[in-house]
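A short worksheet on the structure shown next.
Along the sequence shown, the residues carry numbers beginning at 1.
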Amino acid sequence: MTRVATDILVVGGGAAGLSAALAASARAKVTVVDDNPLLGGQIWRAEMGKFNSPAAKGLVDAVNSGEIRVINNAQVFAAAARNTLLAETAEGRSEIEFEKLIIATGARERFLPFPGWTLPNVFGVGGLQALVKGGVPVAGKRVVVAGTGPLLLAVADYLRSKRASVVAIAEQTSASRLGGFAASLFRSPSKLVQAAALRAGLRGVPYSTDCWVSSAHGEKALEQVELKRKGRTSTIDCDILACGFNLVPNVELAVPLGCEITDGCVVVDKFQKTSIANVFCAGEPTGVAGVDSSLVEGRIAGLAAAGDQDGARSLFAKRDRARRFGEALNRAFALRDELKALADDDTIVCRCEDVAYGRLTEFENFRDAKLQTRCGMGPCQGRICGAATEFLFGWKPGSVRPPIFPVKMENL
Ligand SMILES: Cc1cc2nc3c(=O)[nH]c(=O)nc-3n(C[C@H](O)[C@H](O)[C@H](O)COP(=O)(O)OP(=O)(O)OC[C@H]3O[C@@H](n4cnc5c(N)ncnc54)[C@H](O)[C@@H]3O)c2cc1C
């Protein structure tokens with residue numbers, strides 16, 4: 001076991017965690033812990049060890065310059081005491097004692113069950129992108145990208161750059177909502193330029209709004225998907241389906257620490273401080289609002305945690321603008337009710353414990369379903385089916401108990 005003591009501990013090495021660490025490091029001893037081999041988080045995940053964004057490389061290099069202690073490949077799984085967290089590393093257990101904590105644990109994809117979603121070669125949109133960045137080849141593969149949100153376009157464009165053949169993009173939101181969102185981008189010219197570049201890069205790829213995957217089919221692996229649009233069903237042959245329905249904030253560390261949570265997000269004040277005095281939170285756990293919001297929230301949290309309140313205050317207006325973009329994003333890509341009717345009785349909802357939709361309809365809440373069926377009690381601890389059942393049945397997610405990730409017995 002190793003022991004580390006630090007003034008400020010940042011959990012999460014994505015946009016929010018990196019900018020928090022850098023901002024705090026001018027005044028305090030900072031440690032960053034992240035469960036990936038390299039810093040960068042979801043958006044800047046290095047591709048085979050190389051960063052393709054100069055801005056990301058600059059931030060990662062600055063954090064790696066030696067002033068800040070960086071612990072990679074370490075997953076924080078529990079609190080040992082009020083100011084001590086436990087992380088599992090390749091070498092075993094690490095105990096990290098801190099004065100102040102900044103939670104920057106990001107978000108994950110939401111998956112919704114439909115017949116065939118558990119077939120091999122059905123992936124999350126961001127999950128597939130991560131695999132390809134890790135070296136999985138997609139050249140020549142026919143890919144359908146489906147679900148909702150700007151991530152569909154970003155990933156479709158990326159897959160095309162890897163010579164995949166993107167045969168369809170199915171966006172569940174309506175054309176009118178999407179149009180309203182596009183119009184709102186005139187207030188953020190840089191986003192407008194990004195969106196235009198993505199659309200240009202995807203010229204020739206069929207893109208449908210009001211459209212979603214109703215089922216996936218194949219003998220041993222995916223062969224076809226059925227798309228539904230305005231009451232009509234069409235079938236497309238494909239090798240891969242990348243499908244995701246927005247993001248879910250990762251609040252699993254904040255909950256057992258006692259931080260107040262509302263509507264699935266960590267509640268913070270203007271200085272990104274949570275309801276627990278020495279715990280701050282930045283980025284997607286406070287609400288999904290995109291990379292600019294994560295960056296500025298991280299900076300505010302870092303400055304405030306290090307005692308530079310004036311520096312933090314000077315960024316409030318910038319953060320409010322970034323959050324307004326997030327609110328527009330969430331309105332535009334809100335999930336439609338028809339998606340609640342995709343699963344049939346045999347469709348697996350909890351894939352860790354093989355619990356089907358029909359079995360879950362007997363229960364009134366997640367806790368009862370959990371006790372009777374083991375739904376949400378497998379290795380992912382409800383991270384997938386919890387978000388799905390919240391949408392399908394309106395169930396509140398269950399409590400979070402340590403360890404928040406499965407760990408080796410000897411590290412407990
Ligand atoms: C799968 C996925 C792919 C995405 N791809 C894109 C994209 O291509 N383009 C785009 O614009 N946006 C993308 N996004 C959205 C993007 O993540 C946000 O816009 C923004 O970058 C989030 O920054 P963050 O720092 O808040 O979170 P993240 O970037 O998610 O960083 C959080 C970090 O904390 C780590 N972590 C979480 N819990 C623990 C723990 N207990 N112990 C140790 N480490 C932990 C995570 O592994 C991660 O590295 C993606 C999101 C997801 C979920």
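- Between the side chain of D344 and the backbone N or O of T347 there is at least one donor-acceptor pair closer than 3.5 Å.
- Note: F391 and F111 fail the aromatic proximity criterion, with ring centroids not under 6.0 Å apart.
- Going from atom CG of L38 over to atom CG of N73 covers 8.5 Å, rounded to the nearest 0.5 Å.
- Annotation: side chain to side chain donor-acceptor pair (under 3.5 Å) contacts involving residues 18-29, sequence neighbours excluded, are absent.
- The distance from atom OG of S165 to atom CG of D239, rounded to the nearest 0.5 Å, is 8.5 Å.
- A salt bridge links R108 to E252: one of the charged nitrogens lies within less than 4.0 Å of a carboxylate oxygen.
- For W212, there are no ring-ring contact (aromatic ring centres under 6.0 Å, His included) partners, not counting sequence neighbours.
- Between the T173 side chain and the L178 main chain, no donor and acceptor come within less than 3.5 Å of each other.
- Separating the CG atom in L18 from the CG atom in L59 is a distance of 4.5 Å, to the nearest 0.5 Å.
- Under a cut-off of 6.0 angstrom, the local environment of NZ in K228 is sparse, with at most 12 non-hydrogen atoms contributed by other residues, nucleotides or ligands.
- Shown here are the salt bridge (Lys or Arg N to Asp or Glu O under 4.0 Å) partners of K270, two or more places apart in sequence or in another chain: there are none.
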Task: side chain to side chain contact (heavy atoms under 4.5 Å, CB included) between K273 and F280, intermediate numbers included - done: CA-CA 4 Å; K273 199 187 297 171; F280 294 73; 4.0 Å; yes
Can I get a per-line list of side-chain donor-acceptor pairs under 3.5 Å for residues 259-266, giving both atom names and the distance, sequence neighbours left out?
none

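- The two residues I8 and A28 have their closest heavy-atom pair at CD1-CB, 3.8 Å.
- Less than 6.0 angstrom separates the ring centroid of F333 from the ring centroid of F181.
- The shortest side-chain heavy-atom distance between F325 and S184 does not fall under the 4.5 Å cut-off.
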- [ ] May I have the step-by-step check of side chain to side chain contact (heavy atoms under 4.5 Å, CB included) for E284 and L247, ending in yes or no?
- [x] CA-CA 9 Å; E284 313 266 58; L247 303 180; 3.7 Å; yes
Open item on the list: Is there a side chain to side chain contact (heavy atoms under 4.5 Å, CB included) between V60 and V63? Walk through the geometry before answering.
Closed with: CA-CA 5 Å; V60 170; V63 171; 5.9 Å; no
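- In summary, the side chains of T84 and E95 do not present any donor paired with an acceptor at a separation below 3.5 Å, with no hydrogens or angles considered.
- For A182 against L192, the heavy-atom pair with the smallest separation is O-CD1, 4.1 Å.
- Evaluated for a side chain to side chain contact (heavy atoms under 4.5 Å, CB included) with T209, the options R229, K230, R177, Q172 yield exactly one hit, R229.
- Looking at N330, its side chain does come within 3.5 Å of a backbone N or O of V288 through a donor-acceptor pair.
- The distance from the CG atom of L119 to the OG atom of S215 is 10.0 Å, given to the nearest 0.5 Å.
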TODO: Begin from the C-alpha positions of V4 and E97 and carry the test side chain to side chain contact (heavy atoms under 4.5 Å, CB included) through to its verdict.
DONE: CA-CA 6 Å; V4 173; E97 205 182 317; over 6 Å; no
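- Residues forming a salt bridge (Lys or Arg N to Asp or Glu O under 4.0 Å) with R336 (at least two apart in sequence, or on another chain): D210, E338.
- The nearest pair of heavy atoms linking P403 to L412 is CG-CD2, 4.0 Å.
- Taking OH from Y158 and CD from Q129, the interatomic distance works out to 6.5 Å, rounded to the nearest 0.5 Å.
- The line from CD of E109 to CG of L151 is 6.0 Å long, rounded to the nearest 0.5 Å.
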TODO: Decide yes or no on side-chain hydrogen bond (donor to acceptor under 3.5 Å, both in side chains) for T148 and E171, but give the supporting numbers first.
DONE: CA-CA 5 Å; T148 203; E171 165 57 66; 2.5 Å; yes
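- Side chains of P406 and Q381 form a contact here, defined as non-hydrogen atoms less than 4.5 Å apart.
- Taking the six-membered ring wherever Trp is involved, the centroid distance between the rings of F271 and F316 falls below 6.0 Å.
- The closest donor-acceptor contact from the side chain of W44 to the backbone of L39 lies at 3.5 Å or more, if one exists at all.
- Minimum heavy-atom separation, T2 to S94: OG1-OG, 3.0 Å.
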Side-chain atoms of residues 295-306: list all donor-acceptor pairs with protein atoms under 3.5 Å, sequence neighbours left out, distances to 0.1 Å.
unit_1 : atom_1 : unit_2 : atom_2 : d
E297   : OE1    : Q272   : NE2    : 3.1
E297   : OE1    : G283   : N      : 3.0
E297   : OE1    : T286   : OG1    : 2.8
E297   : OE2    : T286   : OG1    : 3.3
E297   : OE2    : R323   : NE     : 3.0
E297   : OE2    : R323   : NH2    : 3.1

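- Residues L202 and Y207 fail the side-chain proximity criterion, which asks for heavy atoms closer than 4.5 Å.
- Comment: D157 does not engage R160 in a salt bridge, judged by the lack of any side-chain N to carboxylate O separation of less than 4.0 angstrom.
- With a 4.5 Å cut-off on side-chain heavy atoms, V122 and L241 count as touching.
- Here the closest non-hydrogen pair linking L222 and A216 is CD1-CB, 3.6 Å.
- Counting only heavy atoms from C-beta outward, the side chains of L257 and L101 approach each other to under 4.5 Å.
- When side chains are defined from C-beta on, L153 counts as touching R199, because their heavy atoms get closer than 4.5 Å.
- The shortest distance between side-chain heavy atoms of C375 and F363 does not fall below 4.5 Å.
- Under the 6.0 Å distance and 45° angle rule, K396 does not count as a cation-pi partner of F366.
- Heavy atoms of other residues, nucleotides or ligands lying less than 6.0 angstrom from CD of E410 number more than 12.
- Ionic pairing of D61 and K57 is present here: one or more N-O contacts between side-chain nitrogen and carboxylate oxygen are shorter than 4.0 angstrom.
- Side-chain contact between I103 and V11 is absent, with no heavy atoms from C-beta onward closer than 4.5 Å.
- Nearest heavy atom pair, residue F123 against residue I240, reads CD1-CG2, 3.8 Å.
- In this structure, R93 forms no cation-pi arrangement with F77, as its terminal cationic atom is not both closer than 6.0 Å to the ring centre and no more than 45° off the ring axis.
- Side-chain N or O atoms of N278 include one that pairs as donor or acceptor with a backbone N or O of E99 at under 3.5 Å.
- Of the possible donor and acceptor atoms, none in the side chain of D34 sits under 3.5 Å from a partner among the backbone N and O of N72.
- A donor-acceptor contact shorter than 3.5 Å is absent between the side chain of T6 and the backbone of L9.
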